[in-house]
Structure formats: C-alpha cells, structure tokens
> 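I'd like to ask some things about the structure below.
Residue numbers begin at 1 in each chain, while the letters A, B, ... track the order of the sequences. If you're wondering where the values come from, they're calculated on a predicted model, not measured in any experiment.
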Amino acid sequence: MIGIFQDAAWSPYIAGAGIGVLSCLSLVLADRPLGCSTAFVKARGLIGRFVDTGKTDTMEYYREIVPQVDWAFMIIPGVVIGAFLSSSLSGTFHLSWVPSLWATVFGNSAILRLLAALAGGILLGFGARWAGGCTSGHGISGSIQLSLASMITAACFFAGGIAVAMILYRVIGVIL
Amino acid sequence: MTSLAAIRGSRHAQIVLGLLVGICFGFLLQKGGATDYGVIESQLLLTDFTVLKLMLSAVIVGMVLFAVLKHFGYANLHAADGTAGSNIVGGLIFGAGFALLGYCPGTVAGAAGTGALDALFGGMIGTLIGVGLFAAVYPALKNGILARGPFPAVTMPELLRLPEWAVIVILEAGMIGFLLVLEYAGL
C-alpha cells in the first residue's frame with residue numbers, strides 16, 4: 001500500500017480524478033471553490049499590512065479579499081508541503097534553478113531563467129486576478145459548476161499560453 | 001447540516017482543513033506530473049497532453065459529484081457573472097504568464113515543493129508582485145474594462161436553455177470522447 005505513495009508518478013487520470021473529488025470536498029467543507037490565486041492576494045495583503053497597515057487597509061481590493069490567514073490562504077503552504085512530501089517519498093525531490101526543457105533552448109543561465117520566471121509570475125498573478133481566478137479556480141472548480149465564465153476563461157488561459165509558448169520555443173528558440 | 005455549518009464557521013477548523021486540502025492537492029499535482037516545468041510547457045507546445053488529461057479527469061469526476069452534492073444540499077453554486085473584459089482579457093494575460101513561467105499559481109507552489117528554485121524565487125515572488133499590481137489598479141479597472149461585455153448567462157444550462165442533466169451528459173460525453181481520441185492518437 002505504501003508503495004503507491006513512493007511511485008514517481010501516477011496516471012494523470014487517477015491524480016486528476018482525485019483532484020476532482022478534492023475540488024468538491026472544498027465546496028462542501030469550506031463552501032468555496034478550490035483556488036490558488038486568492039492565497040497570493042492574501043499573502044501580498046499581509047506583507048502590505050506589515051509594511052504599511054493604513055495604506056493596505058484603505059485599498060479597495062483588500063477590502064474585498066481580506067488579507068488574513070484562513071482556508072484560502074492555507075491552500076498554498078499546503079500545496080508546497082504536499083508536493084514536497086510526494087517528491088520526497090518517490091526520491092525525485094532535487095534542487096534546481098533551470099528546468100531542462102528551458103535549458104535546451106535558452107541555456108543554463110540561472111539569472112536569465114529567474115528573470116523570465118519573475119516576469120512570467122507577474123503576468124500570471126496580474127492576469128489571474130484580472131480574470132478572477134486561475135487554472136484550479138476557473139479551470140476545474142468553475143467548470144465542474146458549469147460556469148460559462150470559467151469555461152471561457154480556461155479556454156483563454158490555454159489560447160494565450162499556447163500562443164506565447166509557440167513564440168518562445170518555435171520562433172525565438174529557432175532564431176537563437 | 002448543522003455539523004457542516006459548524007465546520008464552515010469555525011476559523012480554526014477552516015485553517016486546518018485548508019492546509020490538509022492543500023497538502024492533498026499538492027501531492028496529487030506532483031504525482032500527476034503537473035508540478036514539472038517540462039510537462040506544463042510541453043502541454044502548451046502541444047507535444048504532451050498530461051496536463052489536459054489531469055484537468056479533464058478532474059472536471060469529469062467533479063462535475064457529476066458536484067451535481068449530486070448540490071442536489072442533496074451539501075454544496076452551493078459559486079458560479080459568478082463574467083465579462084469579456086475580465087475573463088477573456090485576464091485569461092489571455094494569464095496565458096502569457098503561464099507560458100513564460102511554465103507554471104500556474106497552484107503548480108508554481110507545487111514545483112517549489114519539489115525543489116524548483118525558479119518557481120520559488122521567480123514564479124512565486126513574481127505572482128505576489130503581480131497580484132499587488134492588480135490590487136493597485138483595481139479601482140480604475142473595476143467599473144471600466146472589467147465590466148465591459150457581460151456574458152449572456154451565468155451557467156451553461158442557462159446559455160443553452162437545456163436542463164442541467166442534459167448539459168452534464170453532453171459535456172461529459174465530449175470530454176471523455178476527447179480523452180479517448182487523445183489515447184487513440186497516441187498522445
């Protein structure tokens with residue numbers, strides 16, 4: 001039984017089915033969708049409060065999404081721990097700066113990769129909140145609730161993602 | 001349903017359960033392959049369909065389960081109104097970041113847990129900056145572009161004017177059919 005937890009990978013169908021159950025469990029236990037980008041808003045708001053409480057508390061967005069340690073906030077530390085446990089049990093945990101696919105085209109520079117990841121992260125966080133959710137909140141939790149907006153948003157995540165990935169790897173990557 | 005209300009209303013229970021659900025989520029994302037940059041980027045390059053298989057499986061199972069739970073009063077609908085200005089524009093901005101970073105807000109945290117330092121110091125810090133920038137511009141966007149082009153319906157059954165069960169049957173058949181085609185094509 002413990003063996004399956006040590007497997008390096010499960011079938012994506014099995015892992016996906018588990019995530020489907022978990023998304024429903026979130027709606028039952030917390031009465032809210034299983035989303036990840038809200039946690040970043042709460043964390044950013046808490047950092048903002050630490051630096052300048054007055055300014056953060058007057059910002060409209062943080063009055064709508066209150067920066068506090070709650071269900072939505074705890075999802076992200078949970079995901080870090082869960083992935084750490086999973087990769088440690090299977091012996092695949094390892095520290096790295098540059099993903100191998102990235103290195104095949106853009107080289108082994110950690111600085112370049114870090115700058116790209118930082119810029120990508122900024123767009124990701126900005127876009128997630130602009131759209132009101134991310135891959136898990138819209139893509140999975142919204143879709144299981146038959147939300148029209150969530151299904152359209154998820155399609156746009158992939159449309160934008162495919163377009164930019166193709167530019168990176170099939171255009172810029174070929175020129176480099 | 002009193003016990004459920006008690007769980008939802010308890011601050012401490014919510015913190016503990018949120019952490020536990022997050023741990024299970026991170027565990028499943030990692031086992032499913034979705035915390036790996038190469039797997040996600042290859043999905044966007046349409047050379048590996050692991051991410052889509054994972055997501056569609058989650059939706060296939062979750063859609064039926066949610067309908068049952070909602071029917072018996074254990075879950076509520078949280079679908080919100082959408083607009084082209086918010087969902088389409090935001091979705092495309094997100095997509096650009098998704099491809100450049102190679103992770104999404106959940107999988108970036110999962111990747112950090114597997115030791116990917118680009119996810120921890122680049123992706124997670126970047127996402128924190130990104131949401132902060134959005135919070136700063138939110139008042140200017142709220143009644144402008146975010147409200148532009150409202151969608152005609154909140155849910156698919158409303159849009160298609162079909163009973164909920166019929167929409168679920170159609171979507172489930174479409175998703176399962178798509179996965180079968182992927183397997184058949186050897187992708």
> Kindly indicate whether the side chain of L69(B), heavy atoms from C-beta on, has any atom under 4.5 Å from the side chain of L27(A).
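Side chain of L69(B) against side chain of L27(A), heavy atoms only: no contact under 4.5 Å found.
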
> Does atom CG of L176(A) have more than 12 heavy-atom neighbours from other groups under 6.0 Å away?
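Yes, the 6.0 Å shell around CG holds more than 12 heavy atoms from other groups.
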
> Measure distances from I88(B) to the heavy atoms of chain A and classify the residue's part below 4.5 Å as side chain, backbone, both or neither.
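Interface part for I88(B): both.
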
> Any non-hydrogen side-chain atom of T153(A) less than 4.5 Å from a side-chain atom of F94(B)?
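Of all side-chain heavy-atom pairs linking F94(B) with T153(A), none is under 4.5 Å.
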
> Count the heavy-atom pairs under 4.5 Å between each of A116(A), G35(A), G18(A) and chain B, then report the option with the highest count.
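Ranked by heavy-atom pairs under 4.5 Å with chain B, first place is A116(A).
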
> Calculate, to the nearest 0.5 Å, the distance between atoms CD1 and CE belonging to I23(B) and M74(A) respectively.
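So the CD1 of I23(B) and the CE of M74(A) are separated by 8.0 Å.
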
> Hey, are the side chains of F27(B) and L89(A) touching, using non-hydrogen atoms and a 4.5 Å cut-off?
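Heavy-atom side-chain distance check passes, below 4.5 Å.
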
> Can you tell me which portion of A80(B) sits under 4.5 Å from chain A's heavy atoms? Options are side chain, backbone, both or neither.
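Contact with chain A: backbone only.
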
> Need one label for I47(A): side chain, backbone, both or neither, based on atoms under 4.5 Å from any heavy atom in chain B.
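For I47(A), the side chain is the part near chain B, not the backbone.
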
> Examine whether an atom of K142(B) lies under 4.5 Å from a heavy atom of chain A, and if so say whether it belongs to the side chain, the backbone or both; otherwise answer neither.
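The side chain, not the backbone.
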
> Can F40(A) and V108(B) be said to form a side-chain contact (heavy atoms from CB on, under 4.5 Å), step by step?
CA-CA 11 Å; F40(A) 283 94; V108(B) 76; 4.0 Å; yes

> Measuring only between side-chain heavy atoms, which start at C-beta, is E41(B) closer than 4.5 Å to W102(A)?
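When only atoms from C-beta onward are counted, W102(A) and E41(B) do not touch, as no gap falls below 4.5 Å.
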
> Report the C-alpha distance between C36(A) and F25(B) in whole Å, list the side-chain angles of each, state the deciding distance to 0.1 Å, and finish with yes or no for side-chain contact (heavy atoms from CB on, under 4.5 Å).
CA-CA 10 Å; C36(A) 289; F25(B) 192 32; 3.7 Å; yes

> Look at G32(B), S86(B), A79(B) and state which one has the largest set of heavy-atom pairs under 4.5 Å with chain A.
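Highest number of heavy-atom pairs under 4.5 Å: S86(B).
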
> Name the option with the most non-hydrogen atom pairs under 4.5 Å to chain B; the candidates are G20(A), A83(A), P33(A), G132(A).
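With the most close heavy-atom pairs to chain B, the winner is A83(A).
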
> Mind ranking C156(A), G160(A), A15(A) by heavy-atom pairs under 4.5 Å with chain B and telling me who comes out on top?
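Heavy-atom pair counts peak at C156(A).
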
> Ignoring hydrogens, what is the shortest heavy-atom contact between A159(A) and L92(B)? Give both atom names and the distance.
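The pair with the smallest heavy-atom distance is CB-CD2, 4.3 Å.
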
> Please classify the contact of V16(B) with chain A as side chain, backbone, both or neither, using a heavy-atom distance under 4.5 Å.
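For V16(B), neither part sits under 4.5 Å from chain A.
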
> Would you say the side-chain atoms of Y138(B) and E64(A) include a donor-acceptor pair closer than 3.5 Å?
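Y138(B) vs E64(A): donor-acceptor pair found between side chains.
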
> Mind ranking A119(A), G142(A), C134(A) by heavy-atom pairs under 4.5 Å with chain B and telling me who comes out on top?
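The residue among A119(A), G142(A), C134(A) with the greatest pair count is C134(A).
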
> Using non-hydrogen atoms only, which part of L168(A) is less than 4.5 Å away from chain B: side chain, backbone, both, or neither?
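When you check distances to chain B, only side chain atoms of L168(A) fall under 4.5 Å.
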
> Would you mind checking which part of L56(B) comes under 4.5 Å of any heavy atom in chain A, side chain (CB onward), backbone (N, CA, C, O), both or neither?
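Contact with chain A is absent: no heavy atom of L56(B) under 4.5 Å.
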
> Given that the side chain runs from C-beta out, which part of F49(B) has a heavy atom under 4.5 Å from chain A: side chain, backbone, both or neither?
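Neither the backbone nor the side chain of F49(B) comes within 4.5 Å of chain A.
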
> For S86(A), is there any backbone N or O sitting under 3.5 Å from a side-chain donor or acceptor partner on K31(B)?
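Yes, because the side chain of K31(B) sits within donor-acceptor range (under 3.5 Å) of the backbone of S86(A).
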
> Please classify the contact of S10(B) with chain A as side chain, backbone, both or neither, using a heavy-atom distance under 4.5 Å.
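The answer is neither part of S10(B).
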
> To the closest 0.5 Å, what do you measure between CG (D36(B)) and CG (L101(A))?
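If I round to the nearest 0.5 Å, the distance is 9.0 Å.
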
> Sub-3.5 Å donor-acceptor pair from the side chain of Q14(B) to the main-chain atoms of L29(A), do we have one?
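The answer is yes, because a donor-acceptor pair under 3.5 Å joins these two groups.
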
> Applying the 4.5 Å side-chain criterion to the ILVMFWY set and letting contacts propagate, would V66(A) and I15(B) be lumped into a single cluster?
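They do not share one cluster, since no chain of ILVMFWY contacts under 4.5 Å joins V66(A) to I15(B).
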
> Does any backbone or side-chain atom of I40(B) lie under 4.5 Å from a heavy atom of chain A? Answer side chain, backbone, both or neither.
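Contact with chain A involves no heavy atom of I40(B) at all.
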
> Kindly check if the number of other-residue, nucleotide or ligand heavy atoms within 6.0 Å of CD1 (I14(A)) is above 12?
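Not more than 12 within 6.0 Å, no.
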
> Can you say whether S96(A) sits under 4.5 Å from chain B via the side chain, the backbone, both, or neither, judging by heavy atoms?
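Contact with chain B is through both the backbone and side chain of S96(A).
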
> Would you say CZ of R11(B) has more than 12 non-hydrogen atoms from neighbouring residues, nucleotides or ligands within 6.0 angstrom?
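No, because the 6.0 Å sphere around CZ of R11(B) holds 12 heavy atoms or fewer from other groups.
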
> Which pair of non-hydrogen atoms, one from A131(A) and one from G91(B), has the smallest distance, and what is that distance?
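That would be CB-N, 3.7 Å.
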
> Heavy atoms only: give me the nearest A149(A)-G82(B) pair and the separation to one decimal.
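Smallest interatomic distance, heavy atoms only, reads CB-CA, 3.7 Å.
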
> Is there side-chain contact between P157(B) and L146(A), with at least one heavy-atom pair below 4.5 Å?
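Touching, per the 4.5 Å side-chain cut-off.
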
> Could you tell me how the ring of F134(B) sits relative to the ring of Y61(A): parallel (under 30°), tilted (30 to 60°) or perpendicular (over 60°)?
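Rings of F134(B) and Y61(A): perpendicular, as their planes differ by over 60°.
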
> Among the options I65(A), V41(A), L124(A), pick out the one with the most heavy-atom pairs lying under 4.5 Å from chain B.
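Highest number of heavy-atom pairs under 4.5 Å: L124(A).
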
> Measure distances from E183(B) to the heavy atoms of chain A and classify the residue's part below 4.5 Å as side chain, backbone, both or neither.
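The answer is the side chain of E183(B).
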
> Which one of A75(B), A153(B), G62(B) has the most heavy-atom pairs closer than 4.5 Å to chain A?
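Most heavy-atom pairs under 4.5 Å with chain A: G62(B).
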
> Can you give me the closest heavy-atom contact between V79(A) and L29(B), atom names plus distance?
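Scanning both residues, the minimum pair turns out to be CG1-CD1, 4.5 Å.
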
> Side chain, backbone, both or neither: which part of L20(B) has a non-hydrogen atom closer than 4.5 Å to chain A?
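Nothing of L20(B), per the 4.5 Å heavy-atom cut-off to chain A.
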
> To the nearest 0.5 Å, how far apart are CG in L46(A) and CG in L128(B)?
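Result: 10.5 Å between the selected atoms.
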
> With only heavy atoms counted, which part of M59(A) is less than 4.5 Å from chain B, the side chain, the backbone, both or neither?
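For M59(A), the contact with chain B is made by the side chain alone.
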
> Which atoms form the tightest heavy-atom contact between Q30(B) and T92(A), and what is the distance?
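Where Q30(B) meets T92(A) most closely, the heavy atoms are NE2-OG1, 3.7 Å.
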
> Side chains of H78(B) and D31(A): does their closest heavy-atom pair fall under 4.5 Å?
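In contact.
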
> Check whether any side-chain heavy atom of I81(A) sits under 4.5 Å from a side-chain heavy atom of L19(B), and report yes or no.
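Yes; the side chains approach each other to less than 4.5 Å.
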
> Go through S11(A) and K53(B) one step at a time and tell me if the side-chain contact (heavy atoms from CB on, under 4.5 Å) criterion holds.
CA-CA 9 Å; S11(A) 153; K53(B) 288 175 186 173; over 6 Å; no

> If you measure from CG on L148(A) to CG on L160(B), what distance do you get to the nearest 0.5 Å?
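Those atoms lie 8.5 Å apart.
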
> Between L120(B) and chain A, which part of the residue has a heavy atom less than 4.5 Å away: side chain, backbone, both or neither?
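Contact with chain A: none, neither part.
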
> List the atom of L34(A), the atom of V21(B), and the distance in Å for their closest heavy-atom pair.
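Here L34(A) and V21(B) meet closest at CD1-CG1, 3.9 Å.
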
> Please classify the contact between T135(A) and chain B as side chain, backbone, both or neither, with a heavy-atom cut-off of under 4.5 Å.
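When you check distances to chain B, atoms from both the backbone and side chain of T135(A) fall under 4.5 Å.
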
> Flag the pair F84(A) / T114(B) as yes when at least one side-chain heavy-atom distance between them is below 4.5 Å, and no otherwise.
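No, their side chains stay 4.5 Å or more apart.
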
> Please look at L146(B) and chain A and tell me whether the side chain, the backbone, both or neither of the residue comes under 4.5 angstrom of a heavy atom of that chain.
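Contact with chain A is through the side chain of L146(B) alone.
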
> Can you tell me how far apart CG (L117(B)) and CZ (R113(A)) are? Round to the nearest 0.5 Å.
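Here the interatomic distance stands at 11.5 Å.
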
> Among the options A112(B), G106(B), G126(B), G123(B), pick out the one with the most heavy-atom pairs lying under 4.5 Å from chain A.
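It is G126(B).
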
> For R8(B) and V28(A), indicate whether the former's side chain and the latter's backbone hold a donor-acceptor pair under 3.5 Å.
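Yes, the answer is positive, given that a donor and an acceptor are paired below the 3.5 Å cut-off.
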
> What verdict does the side-chain contact (heavy atoms from CB on, under 4.5 Å) test give for W130(A) and L141(B), after you've listed the backbone C-alpha separation in whole Å, the side-chain angles of each residue and the deciding distance to 0.1 Å?
CA-CA 9 Å; W130(A) 187 303; L141(B) 301 176; 3.7 Å; yes

> Could you check which of F93(A), F157(A), Y62(A) has the highest count of heavy-atom pairs closer than 4.5 Å to chain B?
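The option with the most such pairs is F157(A).
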
